Amino acid sequence: MYNSKISGLGYYVPDNVVTNDDLSKVMDTNDAWIQERTGIQERRHVIKGGEDTTTSMGVKAAKIAIERSGIDKDDIDFIVFATLSPDYYFPGPGVLVQRDLGIKTVGALDVRNQCSGFIYGVSVADQYIKSGMYKNVLVIGSELHSYGMDMTTRGRGVSVIFGDGAGAAILTREEDTSKGVLSTHLHSEGQHAEQLALIAPGMGKRWVTDILEENDPNDESYYPVMNGQFVFKNAVVRFSEVINEGLQANDLEVKDINMLIPHQANLRISQFIQRKFGLSDDQVFNNIMKYGNTTAASIPIALTEAWEQGKIKEGDLVVLAAFGSGFTWGSAIIRW
Ligand code: UT7
């Protein structure tokens with residue numbers, strides 16, 4: 001019997017800081033609205049035409065995680081890459097990481113679970129390690145949102161929220177089963193798929209050829225859409241459920257949580273959960289103020305920063321929880 005433990009963490013964000021005031025120059029928005037509704041002060045956007053891509057940011061985060069874990073890149077047995085913003089329509093970025101890290105021909109899996117993508121990836125990695133199949137699995141969450149958002153007033157309900165960046169973790173075999181990933185809990189509810197989605201281009205309704213043929217300057221179908229209030233209401237319920245589910249599965253209580261790392265969707269959602277569970281400021285980590293919502297990257301970036309700041313110590317109970325497009329949601333209960 002094995003567990004998996006997180007043996008190395010890393011993140012990378014582009015240098016280019018975009019403040020709320022910067023956004024108010026290109027669309028009808030303002031710092032007060034954005035901060036009041038989301039807590040976001042700034043986010044990072046890659047420079048268009050520059051070197052950063054979803055894959056390259058993931059690779060940079062991965063290199064740090066590999067170095068910190070103390071393994072060699074050739075010790076990686078499997079790659080899991082979570083993103084909603086891949087470099088190519090296909091193949092996914094997992095194989096590009098295998099190429100760009102210059103590692104042997106290990107398997108590479110792409111996860112399409114948006115804000116829950118990193119937790120789904122950790123769950124897959126954990127199960128491969130628990131089964132004995134693999135010893136070291138690289139899990140990456142990376143997003144390049146800024147190329148694909150509607151940066152006009154029409155898109156302001158979405159485009160002020162999301163930012164670019166990447167985080168990565170190495171999961172490694174742990175023989176002491178009281179440590180590491182104790183359990184993961186995954187859910188989906190596809191009936192709400194279109195409430196937070198990017199519909200085109202896709203094989204379901206509109207492909208690139210349809211978009212080109214119609215050549216409609218008012219076409220919004222290739223921008224992400226979000227029914228914000230509906231997503232918000234579902235998020236607070238599902239976050240609570242899946243944290244409780246994880247605690248109960250391990251006979252743990254809320255008071256046992258040392259650090260909750262919620263997916264950084266909205267500071268108001270995190271604060272709602274914090275109040276609901278009666279957690280102190282030391283027990284919840286948020287960095288959405290600096291990076292916005294980086295979807296699959298948000299949890300590994302936050303986890304890395306919390307760890308770098310000495311807020312996660314050996315023996316701590318760390319809870320990861322996410323909710324987002326799909327809808328999908330999940331939690332991971334980790335004894336550090
Ligand atoms: O990570 C995946 C999961 N995502 C989430 O969990 C996000 C959940 N939802 C939310 O965080 C919030 O719903 C938002 C932050 C997206 C929006 O906040 P809200 O309080 O739900 O605002 P709203 O969409 O109801 O919009 C209120 C008003 C509207 O104007 P009217 O109709 O009241 O005149 C919007 O047009 O605010 C307007 N508005 C803005 N104003 C300034 C929408 N976006 C902006 C903006 N700047 N960027």
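All ligand and atom numbering here is 1-based and tracks the order in the structure. The structure presented is a predicted model; accordingly, all values stated were derived computationally and were not measured. For the numbers below, each heavy atom of this structure counts, side chains included, while hydrogens, waters and symmetry mates do not.
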When you check ligand 1 against the protein, what N or O pairs turn up below 3.5 Å? List the atom names and distances, or just say none.
from	atom 1	to	atom 2	distance (Å)
ligand 1	1 (O)	His263	NE2	2.9
ligand 1	1 (O)	Asn293	ND2	2.6
ligand 1	9 (N)	Gly228	O	3.0
ligand 1	11 (O)	Asn266	ND2	2.6
ligand 1	13 (O)	Gly228	O	3.2
ligand 1	20 (O)	Arg37	NH1	2.8
ligand 1	22 (O)	Arg37	NH1	3.3
ligand 1	25 (O)	Gln229	NE2	2.6
ligand 1	36 (O)	Arg156	NH2	3.0
ligand 1	37 (O)	Trp33	NE1	3.1
ligand 1	41 (N)	Trp33	NE1	3.4
ligand 1	47 (N)	Thr29	OG1	2.7
ligand 1	48 (N)	Thr29	OG1	3.1
ligand 1	48 (N)	Arg156	O	3.2

query = Would you say the side chains of Thr295 and His145 form a donor-acceptor pair under 3.5 Å?
reply =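 The answer is yes; a qualifying pair exists.
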
query = Has Asp216 got more than 12 heavy atoms of other residues, nucleotides or ligands less than 6.0 Å from its CG?
reply =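 Above 12, so yes.
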
Centroid-centroid under 6.0 Å between His263 and Phe239 rings =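 No, too far apart.
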
task = State whether Tyr291 and Arg43 meet the cation-pi test: NZ (Lys) or CZ (Arg) under 6.0 Å from the six-membered ring centroid, and within 45° of the perpendicular axis.
result =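 No, Arg43 does not lie over the aromatic ring of Tyr291.
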
ask   = side chain to side chain contact (heavy atoms under 4.5 Å, CB included) with Tyr223: which residues, sequence neighbours excluded?
value =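 Result, side chain to side chain contact (heavy atoms under 4.5 Å, CB included) vs Tyr223: Asp150, Arg154.
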
ask   = Under 4.0 Å between a Lys/Arg side-chain N and an Asp/Glu carboxylate O for Glu36 and Arg268?
value =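 No, no charged N to carboxylate O under 4.0 Å.
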
